[in-house]
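Only one structure is covered here, and it is reproduced in the block below.
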Amino acid sequence: MEELVIRDADVVDGTGADSYRADVVIDAGRIVRIVKEAAAAGCQRPRAVRKLDAEGLVLSPGFIDMHAHSDLALLRDPDHSAKAAQGVTLEVLGQDGLSYAPVDDRTLEEVRRAITGWNGPGDDVDFDWRSVGEYLDRLDRGVDGRGIAVNAAYLVPQGTVRALVVGWEDRPATPRELDRMRRLVAEGLEQGAVGLSSGLTYTPGMYAGNAELEELCRVVARYGGYYCPHHRSYGAGALEAYAEMVELAGKAGCGLHLAHATMNFGVNEGRAPELLALLDEALDAGADITLDTYPYTPGCTTLAALLPSWASEGGPSEVLRRLADDESAERIRHDLEVRGADGCHGVPVDWETIEISGVTDPALGDFVGRTIGASAARLGEAPWATARRLLVEDGLGPTILQHVGHEENVRAIMRHRVHTGGSDGVLTGARPHPRAYGTFPRYLGHYVRESGLLTLEECVAHLTGRPAARLRLPDRGVIREGHRADLVLFDPATVAAGSTYESPRTLPTGIPHVLVDGRFVIEDGRRTDVLAGRAVRRGPT
């Protein structure tokens, strides 16, 4: 007898098709039978060892977070309710060109320091891997050899590759260095990565020219992966930056997935239709493009990410040296406040929009939840003095919310035909962005039920079937016989994000059950002790 039957569920299958009522039978981690309208037909109901009554609940595929920063969280936190409670059953890691494989000892320490704000220092993690394959194996083992809370895929991070081969200098790669970077990308894909990411406003990835990036994308194309750039500007020059990535991927013959595809800052208010027209023209010409967004207006990054690229050359220790030097610090201030630093997307910084969301030193906790402008006024000093103090005293650790988005742009982009969902959720800090805990229920509650911007079937397809297709996962993302039983049961009348800017770690409501590989990770609204997640490696081309 099979293990589980979910009875009388309203199935929204992830394809965008109309929902239907059915009994769904699960065994050995897969969907083995779907019996539509079983009760109304009066036929023999499917039986199993366990029966779950789903009357009034929607059964959908598990949600796929196309842009996650859980690279260390999955290894240190067996609970991981931040994602499991949202119905996320698969996260895509290695984002924005910076993560922890492939590395050597030197590069690992540099990267750990550079992205402390994203993932914490990692002192509680045993970094017993160096290659992409070893990191994926580590995810398989997970916590104490028992696995991880949800599944995870990985993108080879181009900035980490460049740090490993070239270092943190702002210069072109030599032919020999470029050849080694191509080999590292190929090895990562052979070992199971699904594509390549870049962070082109983060060092050292931003030092790569387009010719270098195109060569790496040609490797990705050979393996059937995709390129996921955090491109060179989301502010001044955003449209040009999007067009640059579309052209680059087209030349390389590589699939393109645009990370957190926003149109931020005052210069881009109301300009989402221009971006969508650019994408539609490329799509109509045959381009392979998808994108992800989070359903909020503020952005989230590290305070150090705003600095001009010249100030970050040489790596974290050089950044701190320049910040300690008054002459260099004044030059940084001028670039930030007057010229518009490339790290701040070419827009002069408005310190009233920069809210500190986390610090690594508890002694600096009073700055959390306040903007740089407000803290500076409280201290009776210039905003740059406050920002500089935080960067130096917290060792580049502060994370920020950047309140620069526009709701009309968010709404327009999420309706697009190639849109998928991604939280871009940074889980560290005292007050992280609420998107880390609320992205997927917010889509279902706010943008489906409350505003009607998307139908339920459309929205679920954006969060499941479409991302699974981008990842080339033939047995995930759709409710179909033979597919993996990564599933979510939610109440469409009550599902909602609980997280807010004041209480960002509040869990969602209306999601009573989540299954990974046919096993309950959330049951009756509570986290179980199940660790059914594993590394999901690149599918066939």
Side-chain angles (χ1 to χ4, degrees), residues 9-14 16 18-19 54-68 81-91 150 260 262 292-298 300 405-416 419-425 427 432-467 479 486-515 521-527:
D10 293 321
V11 177
V12 178
D13 68 5
D18 291 344
S19 65
E55 182 72 37
L57 298 178
V58 168
L59 178 67
S60 83
F63 306 135
I64 297 175
D65 188 341
M66 287 296 288
H67 193 105
S81 287
K83 296 302 179 67
Q86 293 186 61
V88 171
T89 59
L90 172 61
E91 299 183 85
V150 302
H260 38 56
T262 58
D292 67 67
T293 69
Y294 46 83
Y296 297 86
T297 52
C300 174
H406 307 284
E407 179 66 16
E408 69 273 26
N409 285 347
V410 170
R411 287 171 169 257
I413 294 168
M414 77 167 62
R415 282 199 49 78
H416 195 263
H419 170 264
T420 68
S423 71
D424 195 12
L427 301 172
H433 197 303
R435 70 195 187 194
Y437 285 72
T439 285
F440 295 88
R442 180 168 169 81
Y443 270 120
L444 297 167
H446 183 65
Y447 288 104
V448 172
R449 183 181 64 247
E450 294 174 3
S451 75
L453 187 70
L454 297 168
T455 70
L456 183 59
E457 289 85 355
E458 285 175 329
C459 186
V460 168
H462 287 211
L463 306 181
T464 61
R466 191 175 293 164
I479 293 179
D486 293 347
L487 300 167
V488 182
L489 280 153
F490 63 89
D491 183 347
T494 63
V495 62
S499 58
T500 64
Y501 294 99
E502 293 74 27
S503 300
R505 288 192 168 88
T506 305
L507 297 179
T509 57
I511 305 178
H513 304 290
V514 181
L515 295 90
V521 297
I522 301 291
E523 186 172 9
D524 295 323
R526 296 182 178 180
R527 179 72 172 93

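All values below were derived from every heavy atom in this structure, side-chain atoms included, with hydrogens, water molecules and symmetry-related copies excluded.
The main-chain N or O of I511 is never found under 3.5 Å from a side-chain atom of Q86 such that the two would form a donor-acceptor pair. Between the side chain of H433 and the main chain of R435, a donor-acceptor pair closer than 3.5 Å is present. Although no hydrogens or angles enter the test, the distance criterion places a donor-acceptor pair under 3.5 Å between the side chain of S451 and the main chain of H446. A distance-only check finds no donor-acceptor pair linking the side chain of S503 to the backbone of T500 [under 3.5 Å]. In terms of modelled atom types and a separation under 3.5 Å, the side chain of R449 and the main chain of P492 share a donor-acceptor contact.
Considering only heavy atoms from C-beta on, M414 comes within 4.5 Å of Y443 through its side chain. Counting heavy atoms from C-beta outward, E407 and R411 have side chains that approach closer than 4.5 Å. Between L456 and V58 the shortest side-chain heavy-atom distance falls below 4.5 Å. Side-chain atoms of F440 and L463, non-hydrogen and from C-beta on, do get closer than 4.5 Å to each other. Residues L59 and L487 form a side-chain contact, since some pair of their non-hydrogen atoms from C-beta on lies under 4.5 Å apart. Under the 4.5 Å side-chain criterion, counting only non-hydrogen atoms from C-beta, Y294 is not in contact with R442. Counting heavy atoms from C-beta on, the side chains of V410 and E408 never come closer than 4.5 Å. A heavy-atom distance below 4.5 Å is found between the side chains of T89 and V514.
In this structure, the separation between CG on D491 and CG on D10 is 10.5 Å, given to the nearest 0.5 Å. To the nearest 0.5 Å, the span separating OH on Y437 from CG on L507 amounts to 7.5 Å. A distance of 3.5 Å separates CG of D424 from NE2 of H67, quoted to the nearest 0.5 Å. With rounding to the nearest 0.5 Å, the separation of CZ in F490 from CG in L57 is 9.0 Å. Rounding to the nearest 0.5 Å places OG1 of T439 at 10.0 Å from CG of D292.
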Next item on the list: Decide side-chain contact (heavy atoms from CB on, under 4.5 Å) for S499 and R505; before the verdict, give the C-alpha distance in whole Å, the side-chain angles of both, and the deciding distance to 0.1 Å.
Entry: CA-CA 6 Å; S499 58; R505 288 192 168 88; over 6 Å; no

Next item on the list: Could you walk me through whether H513 and I522 pass the side-chain contact (heavy atoms from CB on, under 4.5 Å) test, one step at a time?
Entry: CA-CA 5 Å; H513 304 290; I522 301 291; 5.9 Å; no

Notebook entry, point to check: Hey, mind stepping through H462 and F63 against ring-ring contact (aromatic ring centres under 6.0 Å, His included) and telling me if it holds?
Noted result: CA-CA 9 Å; H462 287 211; F63 306 135; over 10 Å; no

Note to self: Go through it in stages, so that I can follow the logic: the residues are C459 and Y447, the test is side-chain contact (heavy atoms from CB on, under 4.5 Å), and I'd like the CA-CA distance, side-chain angles, deciding distance and then a yes or no.
What the structure shows: CA-CA 9 Å; C459 186; Y447 288 104; over 6 Å; no

Next item on the list: For side-chain contact (heavy atoms from CB on, under 4.5 Å), just list the numbers for R526 and D524, CA-CA rounded to whole Å, side-chain angles, deciding distance to a tenth of an Å, and then say yes or no.
Entry: CA-CA 6 Å; R526 296 182 178 180; D524 295 323; 5.7 Å; no

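For the 3.5 Å distance criterion, the side chains of D65 and S423 qualify, holding a donor opposite an acceptor. Side-chain contact annotation: T293 with H419, donor-acceptor N/O pair under 3.5 Å present.
Counting all heavy atoms, side chain and backbone alike, P61 lies closest to T464 at O-CG2, 3.5 Å. Listed here is the closest heavy atom pair of E458 and R415: OE1-NH1, 3.9 Å. Taking both residues in full, the closest heavy atoms of V12 and S19 are given as CG2-CB, 3.8 Å, listed atom of the first, atom of the second, then distance. Across every non-hydrogen atom of G87 and V488, the tightest pair is O-CG2, 3.2 Å. Closest approach of A497 and P441 over heavy atoms only: N-CB, 3.7 Å. Of all heavy-atom pairs spanning L489 and A54, the tightest one is CD2-CB, 3.9 Å.
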